[in-house]
Asks: 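Sharing a structure with you now.
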Amino acid sequence: MLKEIHFSVIIFHYTALASLILIVWILLDHFTQLTGSLEGVASIEGVGAEPTWSNIRLFNYTWSQYNLMIVLSLFNAVGMNFNTLAFQYEKQSAFISLVGYMNVPYAFLVDIFLFG
């Protein structure tokens with residue numbers, strides 16, 4: 001079923017969904033900063049300040065933060081490509097997903113021992 005679909009189609013839909021989530025987050029973050037809560041999102045009267053481009057947090061980051069976002073986005077794209085290709089070419093996809101879920105306990109242990 002999904003093995004016959006070209007991997008670029010899956011990557012495109014993943015990117016479209018991630019972009020939509022990012023846009024929703026930017027809008028909610030913007031209105032939350034203006035009003036102090038999400039109650040004012042539904043009505044214009046709830047907006048406390050004049051909305052401008054400088055109020056959007058995404059446009060006020062430093063260049064090192066933008067560079068980190070770009071590097072993390074590239075790592076995410078490469079990881080998603082390899083994950084999709086592995087699931088499409090492997091006969092036993094259950095083993096791949098089991099190995100993928102092993103990242104969760106390792107990340108939890110690293111978080112406990114390195115960051116307390």
Side-chain angles (χ1 to χ4, degrees):
M1 188 162 116
L2 284 176
K3 292 185 185 251
E4 291 83 26
I5 298 174
H6 196 264
F7 75 95
S8 63
V9 175
I10 297 171
I11 299 301
F12 172 78
H13 286 95
Y14 175 78
T15 306
L17 180 65
S19 299
L20 178 68
I21 291 171
L22 176 66
I23 290 169
V24 168
W25 178 82
I26 289 172
L27 291 174
L28 288 176
D29 181 59
H30 177 66
F31 285 116
T32 302
Q33 283 183 3
L34 288 177
T35 63
S37 69
L38 288 177
E39 295 173 4
V41 173
S43 65
I44 294 294
E45 295 86 22
V47 177
E50 183 68 29
T52 62
W53 288 106
S54 63
N55 290 344
I56 298 177
R57 186 185 314 199
L58 186 68
F59 299 137
N60 294 321
Y61 290 140
T62 63
W63 283 108
S64 62
Q65 290 171 324
Y66 285 125
N67 289 336
L68 282 174
M69 283 190 270
I70 291 170
V71 168
L72 290 174
S73 299
L74 290 175
F75 281 141
N76 184 23
V78 169
M80 185 63 191
N81 281 329
F82 286 145
N83 197 14
T84 303
L85 288 172
F87 276 116
Q88 284 188 336
Y89 289 122
E90 181 62 33
K91 302 286 188 243
Q92 299 173 349
S93 297
F95 178 73
I96 295 173
S97 64
L98 179 65
V99 171
Y101 280 122
M102 287 304 297
N103 289 334
V104 175
Y106 287 135
F108 183 69
L109 291 174
V110 167
D111 185 37
I112 289 174
F113 291 118
L114 287 182
F115 303 112

Asks: Under 4.5 Å between side-chain heavy atoms, chaining through other members, with only Ile, Leu, Val, Met, Phe, Trp and Tyr counted: pull out the rest of the cluster around L17, sorted by chain and number.
Replies: I21
Asks: Taking atom CZ of F12 and atom CZ of F7, what is their separation to the nearest 0.5 Å?
Replies: 14.5 Å
Asks: How would you list all residue pairs meeting ring-ring contact (aromatic ring centres under 6.0 Å, His included) that involve residues 60-84, not counting sequence neighbours?
Replies: W63-Y66
Asks: Working to the nearest 0.5 angstrom, can you tell me the gap between M80 CE and L85 CG?
Replies: 10.0 Å
Asks: Minimum heavy-atom separation for S8 to H6, with atom names?
Replies: OG-ND1, 2.7 Å
Asks: If I take atom CG from residue L27 and atom CG from residue L22, how far apart are they, to the nearest 0.5 angstrom?
Replies: 9.5 Å
Asks: If you round to the nearest 0.5 Å, how far is CG of L109 from CG of L114?
Replies: 10.5 Å
Asks: Mark yes or no for whether Q88, through its side chain, and I5, through its backbone, hold a donor-acceptor pair below 3.5 Å.
Replies: yes
Asks: Kindly state each residue pair satisfying side-chain hydrogen bond (donor to acceptor under 3.5 Å, both in side chains) with at least one member in residues 98-116, sequence neighbours excluded.
Replies: none
Asks: If you measure from CG on N81 to CD1 on I11, what distance do you get to the nearest 0.5 Å?
Replies: 4.0 Å
